[in-house]
Amino acid sequence: MSTLAGKHIVLGLSGGIAAFKSAELCRALVKAGVTVQVVMTEAAEQFMTAVTLQALSGRPVYTSQWDPREANNMAHINLSREADAIVVAPASADFMSKLLHGGADELLSLMCLARPLDKVPLIVAPAMNREMWSNPATQRNVAQLKADGIHVLDVGQGDQACGETGDGRMLEAEEILEDLEAFFSPKVLAGQQVLVTAGPTYEAIDPVRGITNLSSGKMGFAIARAARLAGADVTLVAGPVSLATPRGVKRVNVRSARDMLQAVQAHVPERGVFVATAAVADWRPANAADQKIKKDGSGQTPELSFVENPDILATVAQSAAAQKGDLFCVGFAAESHDLLAHATAKRARKQVPLLVGNIGPATFGQDDNALLLVDAHGARELPHTSKQALAVLLIQDIAQRLGGAQA
Ligand code: CTP
């Protein structure tokens with residue numbers, strides 16, 4: 001479940017063409033279980049009608065500080081006291097400059113100024129032309145807004161409505177949603193470095209053929225995302241899968257088990273967490289051909305022989321950092337039967353403190369799963385639910401173990 005569910009957010013729109021993305025954002029927030037109260041400046045109404053946002057939020061929109069619907073005629077106080085956060089998207093250059101100076105000549109800025117600083121965070125999503133964004137005045141304002149405790153989201157990069165290309169676009173709705181999700185997530189791994197392997201590996205037979213497996217990478221990607229939401233600095237070493245990189249996660253793409261080992265060794269932290277979810281091919285063809293193997297018409301099939309791949313998890317688990325207890329290693333076991341027995345044996349064999357068992361054929365490619373957490377003391381089940389939810393639970397579990405081990 002989203003950490004946003006049940007929250008009440010005031011969504012403020014200042015004037016900018018990116019306002020069209022705010023309609024999408026409003027919809028996505030409502031879908032995530034947020035109640036959304038929209039407040040618009042007069043400039044915002046040039047780009048988007050209040051009717052649209054009323055329909056999407058299911059609540060009348062506020063556009064004026066003199067709104068007679070408020071019995072005490074203090075919309076700026078009433079609206080800001082109810083909110084779990086105020087999110088201004090788009091935040092125009094002019095609106096940010098107004099925030100900086102404590103300007104309050106219309107409802108949105110007045111409400112931002114009147115918010116209780118200790119209770120109602122203010123999050124702004126800048127949106128403007130690239131020259132306006134890079135102007136020293138704007139950059140100075142951004143730095144000062146941050147220093148004042150306002151959360152300034154990143155800007156996107158790319159084609160702009162004005163026809164120019166560069167930095168300054170407002171983030172897409174789903175990116176803002178993900179940043180809000182991160183904002184509200186408990187930071188149980190703050191300051192930690194986390195390395196995750198995910199997906200299958202691909203072992204070449206020749207330049208056009210190879211051996212791989214049915215791992216989709218979804219569990220590992222969900223774990224990388226959950227670790228980032230929990231405040232960690234996350235690197236994801238991914239085998240060949242076409243999943244989108246979770247926001248805020250560094251991704252290194254690899255193909256074979258040997259590539260994966262190399263990438264892991266280059267990125268494994270001295271202190272932190274290593275989660276090996278990848279379904280690494282156990283063997284690779286002994287002599288991959290440089291050229292495509294052709295049929296010779298005789299009906300003879302090629303002889304394939306195999307050599308064993310390096311065991312990435314076992315290699316990392318035997319490193320000095322892991323042996324000292326500075327690097328907490330988590331293995332996965334994809335089994336087809338006798339999960340507890342195999343997972344227990346695998347934990348001992350790989351010498352990791354925590355091994356997570358799951359039934360491979362039942363979960364490969366699916367969006368949900370069930371996990372069995374096996375440690376030195378026994379086993380605990382995380383029952384069947386979405387991989388995203390399981391990943392959050394697993395990260396919470398790992399954080400608790402770190403609290404004991406690394407505090
Ligand atoms: N693993 C790894 N490198 C390998 C094989 C496995 O890092 N060459 C990791 C996986 O990422 C997982 C754990 O080891 O975290 C167990 O993987 P699994 O394929 O279930 O186990 P195997 O060691 O291959 O054992 P078996 O094939 O006998 O089940």
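As the structure is a computational prediction, the values presented were derived from the model and not from experiment. One-based numbering, in listed order, for ligands and for the atoms of each.
Regarding atom 28 (O) of ligand 1, its nearest protein heavy-atom neighbour is Arg349 NH2, 4.2 Å. At the top of the distance list for atom 24 (O) of ligand 1, counting protein heavy atoms only, stands Asp282 OD1, 2.7 Å. Given atom 5 (C) of ligand 1, the protein heavy atom at minimum distance is Val280 CB, 3.8 Å.
Under the 3.5 Å distance criterion, with hydrogens and angles disregarded, no donor-acceptor pair is assigned to the side chains of Glu106 and Thr41. Gln139 and Ser134 are not linked by any side-chain donor-acceptor pair at a separation below 3.5 angstrom, with hydrogens and angles left out of the test. No side-chain donor from either of Gln291 and Asp206 sits under 3.5 Å from a side-chain acceptor of the other.
Of all the atoms in ligand 1, the ones that sit under 4.0 Å from a non-hydrogen atom of Lys346 are 16 (C), 18 (P), 20 (O), 21 (O), 22 (P), 25 (O), 26 (P), 29 (O). Ligand 1 places these atoms under 4.0 Å from at least one heavy atom of Ala278: 10 (C), 11 (O). The Leu313 neighbourhood of ligand 1 comprises atoms 2 (C), 7 (O), 9 (C), 13 (C), 14 (O), 15 (O), with distances under 4.0 Å to a heavy atom of that residue. The distance from ligand 1 to the heavy atoms of Pro310 drops below 4.0 Å at these ligand atoms: 3 (N), 4 (C), 8 (N). Near Ala276, meaning under 4.0 Å from any of its heavy atoms, are these atoms of ligand 1: 11 (O), 12 (C), 15 (O). Of all atoms in ligand 1, listed by their number and element, those nearer than 4.0 Å to a heavy atom of Gly331 are 15 (O).
Checked by distance only, ligand 1 and Phe332 come closer than 3.5 Å through their nitrogen or oxygen atoms. Polar contact with ligand 1: present for Lys350 (N/O pair, distance under 3.5 Å). Distances between N or O atoms of Ile312 and those of ligand 1 include at least one value under 3.5 Å. Between Thr197 and ligand 1, no N or O atom pair is found at a separation short of 3.5 Å.
Under a 3.5 Å cut-off, the side chain of Ser92 and the backbone N or O of Ser14 do not form any donor-acceptor pair. A donor-acceptor contact shorter than 3.5 Å links the side chain of Lys387 to the backbone of Thr363. Distance alone, capped at 3.5 Å, places no donor-acceptor pair between the Thr138 side chain and the Ala93 backbone.
Legend: side chain to side chain donor-acceptor pair (under 3.5 Å) pairs involving residues 229-238, not counting sequence neighbours, sorted by first then second residue: Asp233-Lys250.
The local environment of CD in Glu42 is sparse, with at most 12 non-hydrogen atoms from other residues, nucleotides or ligands closer than 6.0 Å.
Taking 4.0 Å as the cut-off, Ala257 does not count as a neighbour of ligand 1 on heavy-atom distance. Residue Ala314 places every heavy atom at 4.0 Å or more from ligand 1.
When distances from atom 19 (O) of ligand 1 to the protein are checked, no heavy atom turns up under 4.0 Å.
Both the sub-6.0 Å distance and the 45° axial angle are satisfied by Arg69 relative to the ring of Tyr62.
Every side chain to side chain contact (heavy atoms under 4.5 Å, CB included) that Leu56 has, sequence neighbours left out, goes to Ala23, Cys26, Arg27, Thr52.
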